[in-house]
Amino acid sequence: MLDQRFDPAEAEPRLYEAWEKSGCFKPSGDTSAQAYSIVIPPPNVTGVLHMGHALNNTLQDLLIRFERMRGKNVLWQPGTDHAGIATQMVVERKLAEEGNQDRRSMGRDAFVDRVWAWREESGGAIVGQLKRLGASCDWSREAFTMGDRNDPDNNMMRAVTKVFVELYKKGLIYRDKRLVNWDPHFQTAISDLEVDQREVPGHYWHLRYPLADGVTYEHPVKDEEGNVTGTETRNYIVVATSRPETMLGDTGVAVHPEDERYAGLIGKFVELPIVGRRVPIIADDYADPEKGSGAVKITPAHDFNDFEVGKRAGHTPLNILNSVASIVDGGEADAAGIPADYRGLDRFEARNKVVEAFEAAELLQEIEDLKIEQPFGDRSNVVIEPWMTDQWYVDAKTMAQPAIEAVKTGKTRFVPENWEKTYYNWMDNIQPWCVSRQLWWGHRIPAWYDEDGNVYVAYSEEEAQAEAGKGKKLVRDEDVLDTWFSSALWPFTTMGWPDKTPELETFYPTATVITAFDIIFFWVARMMMMGLEFMGEVPFPDIYIHALVLDEKGQKMSKSKGNAMDPLELVDAYGADALRFTMTAMAAQGRNIRLSKQRVEGYRNFSTKLWNAARFAEMNECGAPGEMDYAAVKSPVNRWILSELSKCAADVTRGLEDYRFNEASDALYKFIWNTLCDWYLELIKPLLAGMDDTDKQETRAVCGYVLDETLKLLHPFMPFVTEELWERRSPGRAASKGFLMSQSWPSGEPFTDEAATAEIDWVIDMITEIRSLRNDLGVPAGSRVPLTLVNATSEIEQRAMRHEDVLKRLARLEEISMTETSPEGAVSVVVGETMSALSIADFVDIEEVRKRLDKELGQLDKDITSTEKKLSNENFVSRAPEEIVEENRERVRDWTARREKLQAARKGLEGL
RNA sequence: GGGCGGUUAGCUCAGUGGUAGAGCACUACGUUGACAUCGUAGGGGUCACAAGUUCGAACCUUGUACCGCCCA
């Protein structure tokens, strides 16, 4: 006997272990079967499972289990990402906590050893968490973007080197000195995508720059309403800045060429306070006459826009910051004329000191409070500085072209489609991708320099040496590559590239990639570029973009907001199946998901419902027949449920094929709860309890069969409870026939029996109608009342007799009889063509019955009138499709017939 | 400023040309040995607004308002 309910905490780990041990997560290796592969978006090795992962991996597992059951040769390739900055940060923090030396004093090799050790001990905790979700990845192939430490010749390492060298040789990777986003905390460059633009409260300091050479000009003066009332003579020009300290590196002041106020000043100079440098006033479109004073200070070395302006004006950028964002010292400070007391100051201290100096010199015109956009490092949370450095760049613009083309020509499509616009938008405006990082944890750049600064990019030091010539002393580039550089190669490196492996042959390109939209740029676009470049083929034909998981209020979940829900807590509370089903049911395309516990609880209840259906089957000896000969099934209720099952299977299959996950789960939910449990199991109770052995045998077989087929259909959504029931319904079955997860997907051979469906629908309508009437009229729930069919056709009479037991049981009837005229004191029930009478006069107030009838008659009148009006419209009849017109005609016929019956019933009440 | 999306029942959301749907919440009643993590019945909607296309619009077009998100 099955327990009262499913116990996920006990069953889930046991089942997962059994699956994994049996090897059924591995590809079948059936070379005659179609190959189907997905590479997991590699979670960060420092990461812990959050709701986004739960959704992302549930959907992947759903497809993987589905396709596996469909007989494909399936690979779900798992692994993790080495996450340069994040991991280095974790380990550095740990070193600090433990009171160890910092990484600089311990040295590069020792530090990298330490990171590896950390990864082996506590890295990749997320893998275990994915297992709790039921993810059926082939863990024997688990990959890591840094490769295998113990195998210096591992393919991940070789792949990254090869890609770097080849792109360099093609001119698609180059070294350049330009402004980068510099993270002063980690002291590394980061890419545009790793910078968060945040709106924060800040100030605009309006600074007066004295004009050099005694120049003055007339500046318009405005009254409070903004009208120009006159001019004043000024010997200064006002610039506004949110970063006053950068004035130390100013090389000029720009005004708009058409700004009349400043026209006479173009070509003149200002004398920068503090540093005493003469810098020119130049004309440049970048200056916005509407903004602030219309004049803008130009600091080419510390602002991306200013860099461009400075380049146009031929200014040499003056660097004033060092790698920790303090003011420079030494030669650079000399060049910029920075006074001694500013040198070495932190950027924010320098800011205060600059402002004080302006104030003291009466050059501070105004401090304006406003919100400013400020760039923050997404890992470090410190303000990012644009900084001039030498870095390696990928020519993303060139590489993007084939990747754009692939989507334009449909080699790869986005689902939902509208994300392709986001993709194009970014790809069309793509900037050079800075791939070097001043970190120690990562793939070290395969570039060597000789003493003259010549660079040699090669597979190995020996090769570089050979290229440089004997005797040259070479030093390897200190930097490592951006983590996304290696994850861009993920779809083929995980399969063994650059080696020619059978996996690569079989499983590349993958079938689909499943991810959230915020990863389109980071990862998807880059995989497209690299896949096309090195494999000559797109890495996947489909890109499915799912929603973000938000909290109940629609806010992004984050630790700092404290609104994060832990998926594992939900798994503990409700089981992995419930969480998975919730994710699936809510994964409507193109929407965000607002998660609530209630919803998860609801789907836990759903799995309990299924469990109890199986319990019912067990009590009634509905076994596991395995096969079913549909043609041999006789009884209408059984033929009906087989029809419904067939419809459900088709809907689920189509939903999964089309990435309409919510439609697939919806079809299952409705079938299991509203069709199977609410009706089928109720309808067969009399048969199972009855005397007719043939009926009983058939019903047991069909019930057992339908349940097993349902388990198969539900398995990809709720793998645990279904797998458990598969075995519990037929002990020993997993051992003899294999796990449920390895069974064949219901073939979806369509089966429909319209006659059986019509008959059962009639029974259901009868019961529903009677129940509704009883409830509305307040008939005591426990009472049994007689029902009389009035003037029924013989077909209806036979139906009623065939289903007498069920009608009596579910509608709480005392008996069913037939007459030609409606009995006295009965209330009419109209279903289709059939009028029957429920003898409930003793219980009810005739006035209530009358009201109920009048209400329905009123509604019918309205419906009939409006539809008749439609049908009398010449245009409708001639232009609408025939089937729609016919549908409306039929509707009117049905309604009219019902109205007649109800009117008769209404008349019958008048004498009472 | 550019782009994308949203506005449907109290709440969260499906529905994309042919009679407005689900889950939750709510109300009433609970009986039938699968299930109270349940059953039965019920109430609840000018589908943001306006104009247009169409025989017909929640759905297509245009515009307006409000709300999100991404990019600069």
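Lettering follows sequence order; numbering is per chain, from 1.
- Of the candidates B:U32, B:G42, B:A22, B:U32 carries the atom nearest the A:Arg809 side chain, counting heavy atoms from C-beta on.
- Looking at A:Glu769, its side chain has no donor and acceptor atom pair within 3.5 Å of the base of B:A41.
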Protein and nucleotides 1-4 of chain B: nitrogen or oxygen contacts under 3.5 angstrom:
none

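- Annotation: side chain of A:Thr699 is in contact with side chain of A:Tyr680 (closest heavy-atom distance under 4.5 Å).
- Between A:Asn875 and B:U54, a side-chain N or O to OP1/OP2 separation shorter than 4.0 Å is absent.
- A donor-acceptor contact under 3.5 angstrom links the side-chain atoms of A:Arg5 to the base of B:U37.
- Counting to the nearest Å, the C1' atom of B:A25 and the NZ atom of A:Lys597 are 18 Å from each other.
- Put simply, CG on A:Leu2 is 16 Å from C1' on B:G33, counting in whole angstrom units.
- Geometrically, A:Arg604 does not engage A:Tyr574 in a cation-pi contact, judged by NZ or CZ lying under 6.0 Å from the ring centre and within 45° of the ring axis.
- Under a cutoff of 6.0 Å and an axis angle of 45°, A:Lys408 and A:Tyr424 form a cation-pi pair.
- The strand RNA chain B forms stems, runs of 3 or more Watson-Crick or G-U wobble pairs with distances below 3.5 Å, at B:1-7 with B:65-71, B:10-13 with B:21-24, B:26-30 with B:38-42, B:48-52 with B:60-64.
- The C1' atoms of B:G18 and B:C60 are separated by 15 Å, rounded to the nearest whole Å.
- Counting any heavy atom pair closer than 4.0 Å across all strands shown, A:Pro881 reaches a base atom.
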